[in-house]
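Below is one structure, written out as C-alpha cells; the observations come after it.
Please read these numbers as outputs of a predicted model, since none were measured by experiment. Every heavy atom of this structure was used, including side-chain atoms; hydrogens, water molecules and symmetry mates were not. Residue numbers start from 1 in every chain, and the chains themselves are labelled A, B, ... in the order their sequence lines are given, proteins ahead of strands.
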Amino acid sequence: MEEKKESLNFIEQIITNDLETGKHEKIITRFPPEPNGYLHIGHAKSICLNFGLKETFKGKTNLRFDDTNPSKEETEYVESIMEDVKWLGFDWDNLYYASDYFDQLYDWAVMLIEQGKAYVDEQSPDKISEQRTNPTTNGIESPFRNRPIEESLKLFAEMKEGKHDEGSMVLRAKIDMNSPNMHMRDPIMYRIMKKHHHRTGDKWCIYPMYDYAHGQSDYIEGITHSICTLEFEVHRPLYDWFLDQIDTTGKRPRQIEFARLNLTYTVMSKRKLLDLVTNKYVSGWDDPRMPTVSGLRRRGYTPESIRNFAERIGVAKRENMIDVGLLEYMIREDLNKKANRYMGVLDPLKVVITNYPEDKTEEFDAKNNPEDETAGTRKVSFSNTIYIERDDFMEDAPNKFFRLKPGGEVRLRYAYFIKCENIIKDADGNITELHCTYDPESRGGQSPDGRKVKGTIHWVDSKTCVDAEVRLYDRLFLKENPDDLDENETYLDYLNPDSLQIITAKIENNLADAAVGTTVQFERKGYFCVDKDSNSDKQVWNRTVGLKDSWSKIAGK
RNA sequence: UGUCCGAUGGUGUAAUGGUAGCACUUGUGAUUUUGGUUCAUACAGUCAAGGUUCGAAUCCUUGUCGGACAACCA
C-alpha cells in the first residue's frame, strides 16, 4: 500500500487535534453569508473550506443566512446563494437564518440587562462614536452607562414595542470603555430599525448587530469551528465575551480566522461588485467578466475547476494575491479532458481551392476529443471554398511561421494539404481571398510520399458553416490590483475598456443546434460555451478561456 | 506613535527541532494532424540581527516590513 501523507492546513490541524484530544467527537461548521449580494470566488473558497472540512472529518455543515440587517437584505440574494452553493456541489445539513434566533437573542439581551451587563443608551450615533475616541486614548463613559437596571429594562421593552424612533436609542453591552480593542468599548447590541424583514416581516423593529448575533447563532447550532476571514480577528474577544455570558454547557464554538482570497485584475468587495452592476459597467451579477459564482458559471467555468482551484490555493493566515492565471489553468485542465472539439473560425478569410471541383463535397472523420477515445468521431464537410483564420496566413512570414504563406503548404486539419498560389486584394490592399491548390493524395491529412508539413490549421466549409456571435472576454481591470490606488484615483479608473469584444464567427454546422450551456473547444482557439442570450435567430458563444498560446510568445519576440 | 495578526522562489502553499518539498509562472528539449495536451529538464526561496541547541524556516529577544481595528454594516 502506498502511504499518502496529505499535508494539513492550519485549520485541519486544529480540528485533528480537537478530535484526538476528545474536545469534540463530531465537528460542525457553517457557511454564514449575508443575503445582500451574489456569491463570488472568494466565497467559493470559504464554501469549499467549510464543506470540505465536513467531508474530510465526516462532520456537518449548515448554511445560515446572516440576516440581521433588513435594510440591505433581499430574498433574491437568498435564492441565488442557495443555487450557487448547490451548483458548486455541496449540500448543507441544515438551512438556518440568524432571524430564527431573534426571540432567544432578545431573551438573552434582557438577561444581560438584568445582570447589569447591558444598558440602553439614548445618545446620538455621533456622540457614541466620539466617546469611543480612538485606539490610543481611553474612551469616555456614556452618562447612561450606570442608569438603573429597571430603567434599561423598561426602555428596551419599549424599543421592541416600537415606542421610540430609529436612532433615538440603542442597547449597549457594558464592557470596557478603555479597552485597546475598540470592539470592547461598550459595543452596540441592538438598534431600532422600523423595516420589513424578509422572513420575520414586521414582527420586529429592533435588530441585533452582527457581534451580538453571530457567536450566539453558532452556539445555538452547536457549531464547533466557526471559520471567518481575518478582519474578524479583532472581534474574537467580543465573540468570546458574549459566549461567556450565556454558555452553560461548556461546549462552545471556536472562531478561527483565515485570509480571504484576492485575485489579480479583479475586485472582490461586494460593495464594488454591486457598484459595477448598478452603474451598468457590466450586464449584471452574472456578467461573464464578473468574479461572481454566477458569472463564472455563465462564462463556462465548471464546479470542479473552481473546487480544484480552491484546493490549490490553500488556506493560511497571510494576505495573498492569487494570479488569475491559476484560475484559468484550472478550467483549461478540466475542460481539456471533458470538452469535445469542433472547428470554428473567429476571424474568417475566404480560401478557394482552385483544383477542387466546384460542385463536389465530401466528408471527413474528425475525433471529438483526442484526450478521450470514448468521445467518438463526427463528420465534417468540405468543399472548394472554405474559411481559415485570418492570422493563419502571412504574406511576409518569418521562418518560424508554420502556417500558410505564399507558395507554402499547410495541412487542413482532418482534410488535405493545401498550397497558397495566389493572394487576392481589394483596392486598399487588404487581403480578401486566397487561391490555393490541394493535393488529392493527402486526403485525411497524410501524404503518401511522406513529406512533412509542419503546420496544421483549422477551417470550416463555407457551404455548410453557420454564423454565430462570439463574445471574447478579457480581464475587467487593467491594473493587477485595482484596490492599490493613489490619492484621487478610484478602481473604476482602471476598468478595461476592451474587456468585451463581440465578433461574428463561422462555426461548423455540427454545432448549429448546440443547447445553452454546451461547452466545447474550438480547436486551436480556446474553450467556448453557448450563452443564455442565444435564440432561434442567433447563437451566442462565450469564450471561457483561450488555449495556452506559445506562438504569440515567439511572435512577440 | 495602542491592540491584534502575519512574513518561505516571481505567485501561492508544505516542512511543527533533523535532507527546504509541491503546484502555477518562466527557460530549454522531446512527442504531437490543435504552436493545445503529454513527458523530461532547468532557474529560483526561509525579512534582518542576535541568542538557545550537536542541529533552527521552526523556539527566545530585538528590529524591519505588511495587514486588520475607531458603522446604530457583516
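- Spacing of C1' atoms, C22(B) relative to U1(B), comes out at 42 Å, to the nearest Å.
- Aromatic ring centres of Y97(A) and F65(A): separated by under 6.0 Å.
- Residue Q13(A) places at least one side-chain N or O closer than 4.0 Å to OP1 or OP2 of A15(B).
- For R312(A) against U13(B), a side-chain-to-base donor-acceptor contact under 3.5 Å is absent.
- Glycosidic torsion of A71(B) falls within 90° of 0, placing the base in syn.
- Look at the C1' atom in both G21(B) and U46(B): the space between them is 13 Å, to the nearest Å.
- Between F382(A) and Y416(A), the distance from one ring center to the other falls under 6.0 angstrom.
- Between F232(A) and H214(A), the gap from one ring centroid to the other reaches at least 6.0 Å.
- A donor-acceptor contact under 3.5 Å is not formed by the side chain of R318(A) with the base of G66(B).
- Interface remark: the H235(A) side chain does form a donor-acceptor pair with the A74(B) base, using a distance-only criterion of under 3.5 Å.
- For the pair S550(A) and G36(B), the criterion of a side-chain N or O lying under 4.0 Å from OP1 or OP2 is met.
- Contact annotation: K553(A) side-chain N/O to U26(B) OP1/OP2 distance is under 4.0 Å.
- The same atom, C1', is picked in G9(B) and in A14(B); the two are 14 Å apart, to the nearest Å.
- Residue side chain E371(A) reaches the base of G36(B) through a donor-acceptor N/O pair under 3.5 Å, judged by distance alone.
- For the OP1/OP2 pair of G35(B) and a distance below 4.0 Å, the side-chain nitrogens and oxygens of R524(A) include at least one atom meeting the criterion.
- Aromatic pair W551(A)/F402(A): centroids not less than 6.0 angstrom apart.
- Of the nucleotides present, A68(B) is the one that pairs with U3(B) by Watson-Crick or G-U wobble criteria, both distances under 3.5 Å.
- Every residue two or more places apart in sequence or in another chain was checked for a salt bridge (Lys or Arg N to Asp or Glu O under 4.0 Å) with R254(A), and none qualifies.
- The shortest distance between the side-chain N/O atoms of S129(A) and the OP1/OP2 oxygens of C72(B) is not below 4.0 Å.
- Under the Watson-Crick or G-U wobble criterion, with both distances below 3.5 Å, A40(B) is paired with U28(B).
- The phosphate of C73(B) (OP1 or OP2) has no side-chain N or O of Y210(A) nearer than 4.0 angstrom.
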